[in-house]
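Owing to the predicted nature of the structure, the values given are computational and were not obtained by experimental measurement.
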Amino acid sequence: MNIFKTSAVALTACVMTAGVALLGSQAAQAEDYESFTLAPGFRPNPVIGTGLSGGTRLVDCYTNESGGRTLVRTYVDSANAPDHVVTVTRPFNSLRASVQADGDVTLVIEGPDGVYCSDDVDGLMPSVSRNWPSGTYNIWIGDFVGDGRGVYRYQLYLTQQ
């Protein structure tokens with residue numbers, strides 16, 4: 001094999017490997033979409049959940065951020081498939097749910113006392129800090145794309161304050 005043919009084969013292998021690695025970086029992982037059972041004093045603090053944002057279900061919800069009600073139209077997974085389920089066994093006076101991701105994501109929380117939605121609290125990142133009564137909370141991390149493949153890898157932080 002001459003040097004040019006060897007280089008072309010090696011370059012092709014590198015490009016193919018890099019392409020597979022990039023495709024695989026957005027795939028769901030075994031530890032994604034974890035559920036949590038929490039009570040005041042939980043450890044570690046925070047607990048962290050991971051996954052991929054978005055879905056194909058369009059949800060309209062309102063935030064109470066920036067001093068007024070703001071409509072957020074976001075895409076999340078189906079109503080019977082939340083990204084995370086949090087069971088609160090004893091009420092929290094202050095629990096924070098916040099998200100970090102590589103792109104613009106939203107946070108939708110459906111609990112025993114209503115639906116809470118957040119967008120762009122910390123830059124483009126959503127966050128909800130409030131009291132959480134005992135009960136079950138369904139949490140979705142949404143985005144604005146709506147293609148259902150999972151757009152941004154995220155980390156959900158649940159922090160007792």
Side-chain angles (χ1 to χ4, degrees), residues 19-40 42 44-66 68-161:
V20 169
L22 285 174
L23 289 173
S25 68
Q26 288 299 331
Q29 299 174 3
E31 66 272 13
D32 287 344
Y33 311 114
E34 185 174 3
S35 294
F36 303 98
T37 300
L38 301 178
F42 67 87
N45 183 17
V47 294
I48 302 171
T50 59
L52 297 174
S53 69
T56 57
R57 179 173 64 119
L58 180 61
V59 172
D60 288 343
C61 58
Y62 289 90
T63 71
N64 288 322
E65 300 158 358
S66 303
R69 286 176 48 95
T70 302
L71 175 66
V72 173
R73 302 193 81 191
T74 184
Y75 289 94
V76 298
D77 288 323
S78 67
N80 62 352
D83 295 323
H84 305 276
V85 176
V86 177
T87 303
V88 173
T89 59
R90 290 193 331 260
F92 284 91
N93 289 331
S94 183
L95 183 68
R96 180 176 189 222
S98 60
V99 181
Q100 290 296 312
D102 290 332
D104 194 1
V105 296
T106 59
L107 174 62
V108 178
I109 302 171
E110 180 182 77
D113 61 339
V115 176
Y116 297 87
C117 187
S118 180
D119 180 36
D120 300 345
V121 171
D122 183 16
L124 295 177
M125 298 300 107
S127 178
V128 171
S129 294
R130 55 181 301 278
N131 68 324
W132 292 46
S134 298
T136 301
Y137 295 81
N138 294 324
I139 298 178
W140 293 268
I141 310 304
D143 60 42
F144 300 101
V145 179
D147 69 4
R149 290 181 295 157
V151 177
Y152 302 110
R153 258 202 137 342
Y154 68 81
Q155 290 185 309
L156 167 69
Y157 293 88
L158 299 168
T159 309
Q160 183 176 354
Q161 300 175 307

Rounded to the nearest 0.5 Å, how far does [atom2] of [Y] lie from [atom1] of [X]?
X: Asn93; Y: Gln160; atom1: CG; atom2: CD; value: 8.5 Å
X: Arg130; Y: Asp113; atom1: CZ; atom2: CG; value: 4.0 Å
X: Asn45; Y: Tyr157; atom1: CG; atom2: OH; value: 12.5 Å

Margin query: My understanding is that only residues two or more places apart in sequence, or in another chain, count here; which of them pass side chain to side chain contact (heavy atoms under 4.5 Å, CB included) with Glu34?
Written below: Phe36
Note to self: According to side chain to side chain contact (heavy atoms under 4.5 Å, CB included), who are the partners of Val121, at least two apart in sequence or on a separate chain?
What the structure shows: Glu65, Ser118, Ser127
Next item on the list: Using the side-chain contact (heavy atoms from CB on, under 4.5 Å) rule, take Asp120 and Asp104 through it: C-alpha gap first, then chi angles, then the decisive distance, then the call.
Entry: CA-CA 8 Å; Asp120 300 345; Asp104 194 1; 3.2 Å; yes
For [X], what residues pass the salt bridge (Lys or Arg N to Asp or Glu O under 4.0 Å) criterion, not counting sequence neighbours?
X: Asp32; answer: Arg153
X: Arg96; answer: none
X: Arg73; answer: Asp60

Side-chain donor-acceptor pairs under 3.5 Å in residues 135-148, sequence neighbours left out?
unit_1 : atom_1 : unit_2 : atom_2 : d
Tyr137 : OH     : Pro133 : O      : 2.6
Trp140 : NE1    : Ser78  : O      : 3.2
Asp143 : OD1    : Val145 : N      : 3.0
Asp143 : OD2    : Ser53  : OG     : 2.8
Asp143 : OD2    : Gly54  : N      : 3.4
Asp147 : OD1    : Arg149 : N      : 3.0
Asp147 : OD2    : Arg149 : NE     : 3.1
Asp147 : OD2    : Arg149 : NH2    : 2.7

Next item on the list: State which residues pass ring pair (Phe, Tyr, Trp, His ring centres under 6.0 Å) with Phe42; sequence neighbours excluded, sorted by chain then number.
Entry: Phe92
Measure the shortest side-chain to side-chain distance between [X] and [Y] over non-hydrogen atoms and say whether it is less than 4.5 angstrom.
X: Gln100; Y: Asp122; result: yes
X: Leu38; Y: Leu158; result: yes
X: Thr63; Y: Val128; result: no
X: Val59; Y: Glu110; result: no

Notebook entry, point to check: What orientation do His84 and Tyr154 show, parallel under 30°, tilted 30 to 60°, or perpendicular over 60°?
Noted result: perpendicular
Item checked: Pairs satisfying ring-ring contact (aromatic ring centres under 6.0 Å, His included), at least one member in residues 93-124, at least two apart -> none
May I have all residue pairs that pass disulfide bond (SG atoms under 2.5 Å apart) and include part of [range], sequence neighbours excluded?
range: residues 126-161; answer: none
range: residues 132-161; answer: none
range: residues 129-161; answer: none
range: residues 76-147; answer: Cys61-Cys117

Check: Taking all non-hydrogen atoms of both residues, which atom of Gly55 and which atom of Tyr75 are closest, and how far apart?
Finding: O-CB, 3.4 Å
Notebook entry, point to check: Where do Gln161 and Ser94 come nearest, in terms of heavy atoms and distance?
Noted result: OE1-OG, 2.7 Å
Next item on the list: Verify side-chain contact (heavy atoms from CB on, under 4.5 Å) between Leu52 and Tyr33, making sure each step is shown before the conclusion.
Entry: CA-CA 9 Å; Leu52 297 174; Tyr33 311 114; 3.5 Å; yes
Next item on the list: Run through Val105, Val86, Val99 and flag the one making a side-chain contact (heavy atoms from CB on, under 4.5 Å) with Leu156.
Entry: Val99
